[in-house]
2 protein chains.
Amino acid sequence: MFGCVRGRKNSREKILDAAAELVSEIGSGRLTLDAVAERAGLSKGGLLYNFPSKDALLQGMIQRMIDEVSAEKEALRGQTAPGPNLEARLCTATMLNMRCGNMREIANGLLAASSENPRLLEPVRQIIKETLERLKETSDDLDASLLAWLAVEGLSNFEIHDLSPFSEQDRERIVASIGRLLNKGIAE
Amino acid sequence: MFGCVRGRKNSREKILDAAAELVSEIGSGRLTLDAVAERAGLSKGGLLYNFPSKDALLQGMIQRMIDEVSAEKEALRGQTAPGPNLEARLCTATMLNMRCGNMREIANGLLAASSENPRLLEPVRQIIKETLERLKETSDDLDASLLAWLAVEGLSNFEIHDLSPFSEQDRERIVASIGRLLNKGIAE
DNA sequence: GTTTATATACCGTCTGGACGGTAAAGTGCA
DNA sequence: TGCACTTTACCGTCCAGACGGTATATAAAC
């Protein structure tokens, strides 16, 4: 076909998958190059060829997360009904949707990065800043948008750390009330 | 005088202080026993006498955090005006108050623990579960209480990771709207 | 009240393994 | 043949924990 099948692209993806899996299995602090290499079906040398250092690997993980989240968000943008606080509804829906599947991996990767080297979170910081700016520009009810955003962040954080005390019903109720908040705002 | 000045009680506190400081200085993943010992003005052997393993140290850090937060909360209980959703107002105020000072240390310790060994978060999980139960039992407006709680969690998480995009004004505005949410609920 | 015994608190060194990273030697496609 | 990619073999450092030892305090025995 086109390009090399055992090419760099392919290995990189396999490595990032392996790293993400491992982080959610054994915890962010225990991620080692040896383990990633083995899981990815590659020698350590091969891993270090693709990512010349552990920092580079973590950076790669973060970048992929960012890309995935923003892809998910843009995908949702197409299917979201118009209405008030559109941007906030997109942000919250994106996070809430990704729960099953890669959400856990994503945020665990962030943890891995920040426990190893907080500076790696810089791109994330940037995204968050931009998100706030967009919310400020476009929200019909900024208070509601910010609260909804933060609540979803809080919920996600609970779920990431396996700290969530909520039943499925609880969660649905919360999601619904976030929706109400974004549609109707705070009372008075 | 009385007793030993270099008693266990004293050393344990010094060690926990040192560990908390270090975590917020160098990051949760880089905490080593040697560094803690040196910072605490103690040999490594002495450290390991007080906390027989690194796990035990992390556990100690978590327990102290829990105790501090709950003390802060009870202190606030005395000075909080009666009104709707009292428990939620206490939870949120506790978190929001502790920001300057030990809040950062506290949550960084949690990070250290969870990056090293996620099981250490079990006591925290328990606290969260209990908090939810109390909120369910006592809230006048459970939806508002949960949203407020989660929003504060989200905000705290941003601040912990140095990810908060909010200016001081932004933050005040958010705190105010959380207050309004708890007092007046979601519209309609 | 002095000796003996035991507990408490701490020190400093050592070691074995883990882990990040390097470098030379293949492998196979263009 | 050269280039992209990978393996194998290795190095050096860091670090948790073990261990043997010390000094002070408390208690018990005589």
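Here is the naming used below: chain letters follow the sequence lines, and residue numbers restart at 1 for every chain.
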Using a strict 4.0 Å threshold on nitrogen-to-oxygen distance, state whether B/Arg39 and B/Glu25 make a salt bridge. yes

Restricting to salt bridge (charged side-chain N to carboxylate O under 4.0 Å, His left out), what partner residues turn up for B/Glu72, sequence neighbours left out? none

Keeping to residues at least two apart or across chains, list the salt bridge (Lys or Arg N to Asp or Glu O under 4.0 Å) pairs with something in residues 80-90 of chain A. A/Lys73-A/Glu87, A/Arg77-A/Glu87, A/Glu87-A/Arg134

Can you run down the side-chain hydrogen bond (donor to acceptor under 3.5 Å, both in side chains) pairs that involve residues 146-157 of chain A, sequence neighbours left out, and say none if there aren't any? none

Length of the line joining B/Ile26:CD1 and D/dC14:C1', which is rounded to integer Å: 13 Å

Which whole-number value in Å describes the distance from B/Tyr49 OH to D/dA23 C1'? 13 Å

By salt bridge (charged side-chain N to carboxylate O under 4.0 Å, His left out) - contacts of A/Asp17 (at least two apart): A/Arg64

Salt bridge (charged side-chain N to carboxylate O under 4.0 Å, His left out) with B/Asp170: which residues, sequence neighbours excluded? A/Lys136

According to salt bridge (charged side-chain N to carboxylate O under 4.0 Å, His left out), who are the partners of B/Glu172, at least two apart in sequence or on a separate chain? none

Indicate for each nucleotide in nucleotides 16-25 of chain C, in 5' to 3' sequence, whether protein heavy atoms under 4.0 Å reach the base (B), only the sugar-phosphate (S), or nothing (-). ---SBBB---

Could you tell me how far apart B/Leu47 (CG) and C/dG12 (C1') are, to the nearest whole angstrom? 14 Å

What's the CZ-C1' distance between A/Arg12 and D/dA4, to the nearest Å? 15 Å

Ignoring backbone atoms, establish whether A/Asn50 has a side-chain N or O less than 4.0 Å from OP1 or OP2 of D/dA4. no

Does anything in residues 36-43 of chain A come within less than 4.0 Å of DNA chain D? Heavy atoms only, and list the residues if so. A/Leu42, A/Ser43

Can you sort out the partners of A/Gln63 under side chain to side chain donor-acceptor pair (under 3.5 Å), two or more places apart, ordered by chain and number? A/Asp67

